[in-house]
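Working notes, beginning with the structure itself.
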Amino acid sequence: MARFTFRLPDIGEGIAEAEIVAWHVRVGERVEEDQQVADMMTDKATVEMESPVSGVVVELAGEVGDQVAIGSALMVIETDGDEAVVSEEVEEQVEAETPGVEEVVETAPEPASAPAEAGAQSPRDVASDSGLLPSQEHKEEASQHRQILASPAVRARAKDLGIDLAAVKAEGDRLRHSDLDAYLRYGQGQGYHAPHASRAREDEPVKVIGMRRRIAENMAASKRAIPHFTYVEEIDVTALEDMRGDLNANRGNRPKLTMLPFLIVAICRTIPDFPMINARYDDEAGVVTRHGRVHLGMATQTDAGLMVPVIRDAQDRNVWQLASEIGRLAEAARTGKAKSEELSGSTLTITSLGPLGGIATTPVINRPEVAIIGPNKIVERPVFHGDEIVRAKLMNLSISCDHRVVDGWDAASYVQAVKKLLETPVLLFAD
């Protein structure tokens, strides 16, 4: 029988290796040509790998979280024969790899099939014997009307808590621990009684892989290498909020405006007077590049972790164009459809927690940039206007800077310039 070695192709310029973030096949399973078999993550994006041939998987390069060098074997596929028998050695490998792999529980009973010839095992038989296919016990747990995708850890926790997975709503494409948490909080009205609050929850080791690992590495490198300082200023956005309300009331088919497009316009308008803010620092070469164009990174929370899609040439866009691009990029990031070039090349980053923004934040710089801006939530408070007390909408604006490149005076002066535009919003539209 012929064996085909599928080697990891070059999936990005300058990439030497990629991390396995998901396997979609297991040893002993049959794959078809062009079938998705794995997700590989580089520094810039996650790439779906497809099988170039049909056959039975006999070897995989490693486990989720392992690094695979470009050009090395990703998987080995046995290409001859539709009913290839997996060796005992491979069966042992399958059993070793089964924990941690997500299970799909089929909800409808399978139709009876004709008995196989004595002594013959199909790849499905081998997989079933090895624990790869769902057991009858798991099938009985499932809903009669839909499939349930969940990891063994989530399934075991649900069983321990007495939760019927069919009653739990998944926020994504599979059930996660967060979905169980939400069910415990809000699902009691459906007949479920949560365990007593004093019940201890078992420790849960979680391997740091994929996007979470990239975030951890990047943030650690940023804090090690960059001497951060953060400046926070209060801004009265009462007039701006009134203007935003008027524009939204007459927007027609255009996207709804949030605070973010106005802030971006103010950021871009003030950059020419403070070029040290829109810069990248190559500390190895000892060179600071002050960029003439603003390629604004937009920190976006996704199920996989924090991603930073980039608004190209933000200085050339008006508030409506910015609102449209913000929505498009955020959706692409959250659905995993953002392209590699949309996730790199930023010169300055903005990070916002929206209504969760808090009183003040101290954001971590997106290295090798030298600054990151963080708007906080808008609150209403009484303020003095001369001798009168009036109701005002106030927002704190944070900026973290690399003190090797940006002095405190420059950061404060820059934020004051942004503040002037936001507090007199007509200036945002003036030439």
Side-chain angles (χ1 to χ4, degrees), residues 11-13 21 39 41-48 171-173 210-212 214-215 218-219 222 244 247-248 251-269 271 277-280 291-357 361 363-377 397-400 418 428:
I11 55 179
E13 183 179 353
V21 293
D39 293 342
M41 175 175 283
T42 69
D43 289 334
K44 297 181 178 180
T46 299
V47 181
E48 298 177 353
E171 289 299 323
D173 57 352
M211 182 65 69
R212 193 73 259 164
R214 300 291 179 186
I215 294 171
N218 292 341
M219 292 298 97
S222 180
R244 185 171 71 88
L247 290 172
N248 278 331
R251 73 179 189 272
N253 295 325
R254 291 177 291 191
K256 185 176 181 180
L257 295 171
T258 64
M259 171 64 69
L260 208 52
F262 298 96
L263 178 57
I264 293 173
V265 171
I267 287 171
C268 294
R269 278 188 165 247
I271 282 295
I277 300 293
N278 187 45
R280 291 162 67 101
H291 294 280
R293 295 180 175 274
V294 181
H295 301 314
L296 194 70
M298 182 180 65
T300 304
Q301 188 64 38
T302 73
D303 288 343
L306 194 66
M307 302 181 71
V308 188
V310 181
I311 304 173
R312 304 284 174 187
D313 291 310
Q315 78 285 339
D316 293 336
R317 302 174 188 260
N318 61 36
V319 289
W320 301 108
Q321 293 167 336
L322 286 168
S324 178
E325 186 69 352
I326 289 168
R328 186 189 72 81
L329 288 173
E331 178 66 17
R334 294 190 182 104
T335 58
K337 297 179 181 179
K339 300 176 182 178
S340 177
E341 58 269 22
E342 292 175 327
L343 297 171
S344 61
S346 57
T347 59
L348 178 63
T349 295
I350 186 169
T351 177
S352 172
L353 293 175
L356 298 177
T361 51
V364 178
I365 296 169
N366 185 22
R367 189 172 181 240
E369 297 164 27
V370 301
I372 182 170
I373 297 170
N376 298 284
K377 68 180 180 182
L397 187 68
S398 302
I399 184 170
S400 291
V418 172
L428 294 172

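Since the structure is predicted, the reported quantities are computational estimates derived from the model, not experimental observations. Computed from heavy atoms alone, side chains included, the values below leave out hydrogens, waters and symmetry copies.
- Proximity of Thr349 to Leu296: side-chain heavy atoms (C-beta onward) are nowhere separated by under 4.5 Å.
- At distances below 3.5 Å, not a single donor-acceptor pair connects side-chain atoms of His291 with backbone N or O atoms of Ala279.
- Formation of a donor-acceptor pair under 3.5 Å by the Arg244 side chain with backbone atoms of Leu257 is found in this model.
- For the salt bridge (Lys or Arg N to Asp or Glu O under 4.0 Å) test, no residue two or more places apart in sequence or in another chain qualifies with Arg317.
- At distances below 3.5 Å, not a single donor-acceptor pair connects side-chain atoms of Asp39 with backbone N or O atoms of Glu48.
- Screening Ile399, Ile277, Leu348 for a side chain to side chain contact (heavy atoms under 4.5 Å, CB included) with Ile267, the sole residue that qualifies is Leu348.
- Using modelled atom types, one side-chain atom of Ser400 and one backbone atom of Pro363 make a donor-acceptor pair closer than 3.5 Å.
- Counting heavy-atom neighbours within 6.0 Å of Arg251 CZ, excluding the residue itself, gives a total above 12.
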Applying side chain to side chain donor-acceptor pair (under 3.5 Å) to Glu369 and Thr347, what does each step give before you reach the verdict? CA-CA 6 Å; Glu369 297 164 27; Thr347 59; over 6 Å; no
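- With rounding to the nearest 0.5 angstrom, the OG atom of Ser398 is 4.5 Å from the CG atom of Asn376.
- No side-chain donor-acceptor contact under 3.5 Å links Glu331 to the backbone of Arg328.
- Of the inter-residue distances, the one linking Arg312 atom CZ with Glu342 atom CD reads 8.5 Å to the nearest 0.5 angstrom.
- Checked by atom type and distance alone, the side chain of Glu325 never pairs as donor or acceptor with a backbone atom of Leu322 at under 3.5 Å.
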